[in-house]
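Down below is the structure, laid out as structure tokens.
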Amino acid sequence: MAERIVILGAGHAGGATAIALRELSFSGSILVVGDEPHPPYERPSLSKDYLSGAEADPVWLAPAERWAELDVTLKLGAEAVAIDRDKGEIRLADGTIEAFDTLVLAMGGRVRRLPLPDHAAVRYLRTADDARAIAAAATPGARALVIGGGVIGLEAASTLRGLGLSATVIEAGERLLGRNVPAEAAEWLAAAHARIGVEVKLGRSLQSLEDAADGSVLARLDDDSTIEADLVVVGIGIIPSTEMAEAAGLPVAGGVLVGDDYRSPADDRVFVVGDLAARTRDGAAARMETWAHAQTSARAAALAILGQPPEVEPTPWFWTAQCGHNLQILGDPASGDAVVSRGDAVRLYLRDGALVGAVCLDQPRDFATARRLMGKVLIAETASDPATDLRKAVAA
């Protein structure tokens, strides 16, 4: 049994791992090391309520006093630079050495930056401090240019419109939310953005940023068109922080590779959770960047660390709130071979008649029911009637 567990990364997944270890009765030492000055917080509000100023603080994973009650040591504002698996140690940028019996990697990733020179008008959105900096620059009446039509970019555009800015979104792909949202659901949100006045330019990329005479910035696109902006917000994904793991000889493939229990196949003492973990599914290594995965991976790793039996893994899901709407996505819609339309705002994805995914716009009851019915064979005709309780669609 490990006596000293070190967690690298004081974000949601790292903090949740520490909490889960204590809830599962681990009595040894827990050290959480994070490069941000803040204790663990949840990220979803950063592009929504926290950015808008509706929340004075990030959504803390636990109150400050809770960490002391749990006897978890937080070492914040500290950057880890190396892992020595032979010695069972990590080294920090200030030269400090911390020994471990078990190591949990929860560093997530860093923002993907524009392939352009830095510009004072550009703000990236990943951390609480990033969100505060954007909020400070978000003057009502100003013009915001958002680079990236994924979840973060669109949530930021929605929030900035709510703060009284105009907003234009540039997306290099042929549609919004191309990485993780079915096309029809993406169209629902595209229409919602159009209704609140967000302009969207698809199939366009940013080529340069030039200073304008009035102090604003002139963004030149790949078709040589230009957009004047006062604030440029970038949300084009993250780059997983795999460098230390790779240097320590741990296998990586778009993330740090782990087994079903989030343990590295190269070292029984090393676990990886949250955005950084790459698990093999259907022959391919894949990461999940969701709030739910931060929670579930943390608990699964804690159980494995303590040698306790694994729990049934919840069906993956995530949500996004934009333009006054809440879109929830469950399971793996792309794996379906049939789609059932349940009214205007619910789509059920079936494979061989069994429910494998769902998309719900402002329909929390259907979403909650779908979570309970995952894997069950549905009668499509019954399921398509929004006036009928979805539970009645289960085939006998």
Side-chain angles (χ1 to χ4, degrees), residues 43-52 111-116 119 121-126 130-131 133-135 137-210 212 216-238 289 318-327 329 359 361:
R43 293 192 187 276
S45 75
L46 297 186
S47 50
K48 299 186 280 291
D49 288 347
Y50 187 59
L51 176 58
S52 74
V111 291
R112 191 178 299 277
R113 302 182 71 84
L114 294 172
L116 299 173
H119 193 283
V122 173
R123 300 284 188 276
Y124 294 88
L125 180 52
R126 174 67 176 170
D130 293 338
I134 294 170
T139 305
R143 299 160 296 180
L145 174 62
V146 178
I147 312 299
V151 169
I152 297 300
L154 291 179
E155 288 180 351
S158 171
T159 302
L160 291 170
R161 280 294 292 140
L163 290 173
L165 286 78
S166 66
T168 300
V169 175
I170 295 174
E171 166 55 41
E174 294 306 312
R175 71 171 178 90
L176 298 175
L177 300 160
R179 189 164 70 92
N180 49 14
V181 174
E184 188 175 8
E187 290 172 3
W188 295 344
L189 291 181
H193 278 270
R195 286 194 294 271
I196 67 168
V198 174
E199 183 178 2
V200 174
K201 294 181 178 293
L202 298 174
R204 296 272 69 89
S205 59
L206 180 66
Q207 296 298 298
S208 67
L209 292 171
E210 307 162 14
S216 63
V217 62
L218 190 68
R220 189 171 300 278
L221 308 188
D222 58 335
D223 62 354
D224 209 36
S225 64
T226 58
I227 300 173
E228 290 186 23
D230 304 296
L231 171 65
V232 180
V233 177
V234 182
I236 54 175
I238 67 168
E289 298 173 14
F318 77 96
W319 84 95
T320 177
Q322 304 172 24
C323 312
H325 297 283
N326 191 333
L327 181 72
I329 298 180
V359 176
L361 183 68

Side chain to side chain, I329 and P182, heavy atoms closer than 4.5 Å: yes
Listed partners of A192 passing side chain to side chain contact (heavy atoms under 4.5 Å, CB included), at least two apart: R195, C323, H325
Exam field: side chain Y50 to backbone P44, donor-acceptor pair closer than 3.5 Å: no
Reported CG-to-OG1 distance for the pair D49 and T159, which is rounded to 0.5 angstrom: 7.5 Å
Where V181 and A186 come nearest, the two heavy atoms and their spacing: CG1-N, 3.7 Å
For A212, all residues meeting side chain to side chain contact (heavy atoms under 4.5 Å, CB included), sequence neighbours excluded: D214, S216
Gap separating the CG atom of L145 from the CD1 atom of I227, nearest 0.5 angstrom: 5.0 Å
Under the salt bridge (Lys or Arg N to Asp or Glu O under 4.0 Å) test, residues paired with D130 that sit two or more places apart: none
Side chains of L189 and T320 in contact at under 4.5 Å (non-hydrogen atoms): yes
Any pair counted as salt bridge (Lys or Arg N to Asp or Glu O under 4.0 Å), so long as it reaches residues 228-237, sequence neighbours left out: R143-E228, R143-D230
Contact check, side chains of V359 and L327, non-hydrogen atoms, under 4.5 Å: yes
Contact check, side chains of I134 and Y124, non-hydrogen atoms, under 4.5 Å: no
Verdict with reasoning, I238 to R126, per side chain to side chain contact (heavy atoms under 4.5 Å, CB included): CA-CA 9 Å; I238 67 168; R126 174 67 176 170; 3.6 Å; yes
With E187 via salt bridge (Lys or Arg N to Asp or Glu O under 4.0 Å) - residues at least two apart: none
For residues 201-209, tabulate all N or O donor-acceptor pairs below 3.5 Å that involve a side-chain atom, not counting sequence neighbours.
{"unit_1": "K201", "atom_1": "NZ", "unit_2": "E199", "atom_2": "OE2", "d": "3.3"}
{"unit_1": "R204", "atom_1": "NE", "unit_2": "D222", "atom_2": "OD1", "d": "2.7"}
{"unit_1": "R204", "atom_1": "NH2", "unit_2": "D222", "atom_2": "OD2", "d": "3.3"}
{"unit_1": "S205", "atom_1": "OG", "unit_2": "Q207", "atom_2": "NE2", "d": "3.1"}
{"unit_1": "S208", "atom_1": "OG", "unit_2": "E210", "atom_2": "OE2", "d": "3.4"}

Test side chain to side chain contact (heavy atoms under 4.5 Å, CB included) applied to K48 and Q322, step by step: CA-CA 8 Å; K48 299 186 280 291; Q322 304 172 24; over 6 Å; no
Nearest heavy atoms of G150 and L177, plus distance in Å: C-CD2, 3.5 Å
W319 and V151, any side-chain heavy atoms less than 4.5 Å apart: no
Partners passing side-chain hydrogen bond (donor to acceptor under 3.5 Å, both in side chains) against D223 (at least two apart in sequence or in another chain): S225
Please set out all donor-acceptor pairs under 3.5 angstrom arising from side-chain atoms of residues 160-169, sequence neighbours excluded.
{"unit_1": "R161", "atom_1": "NE", "unit_2": "I196", "atom_2": "O", "d": "2.8"}
{"unit_1": "R161", "atom_1": "NH1", "unit_2": "L165", "atom_2": "O", "d": "2.8"}
{"unit_1": "R161", "atom_1": "NH2", "unit_2": "I196", "atom_2": "O", "d": "2.8"}

Residue pairs involving residues 172-182 (criterion salt bridge (Lys or Arg N to Asp or Glu O under 4.0 Å); sequence neighbours excluded): R179-E289
All side chain to side chain contact (heavy atoms under 4.5 Å, CB included) counterparts of I152, not counting sequence neighbours: S47, L125, E155
Min side-chain heavy-atom separation L231-V122 under 4.5 Å: no
By side chain to side chain contact (heavy atoms under 4.5 Å, CB included) - contacts of A135 (at least two apart): L51, R132
Contacts of type side-chain hydrogen bond (donor to acceptor under 3.5 Å, both in side chains), residue R123, not counting sequence neighbours: none
Within-4.5 Å side-chain heavy-atom neighbours: N326 and L361: no
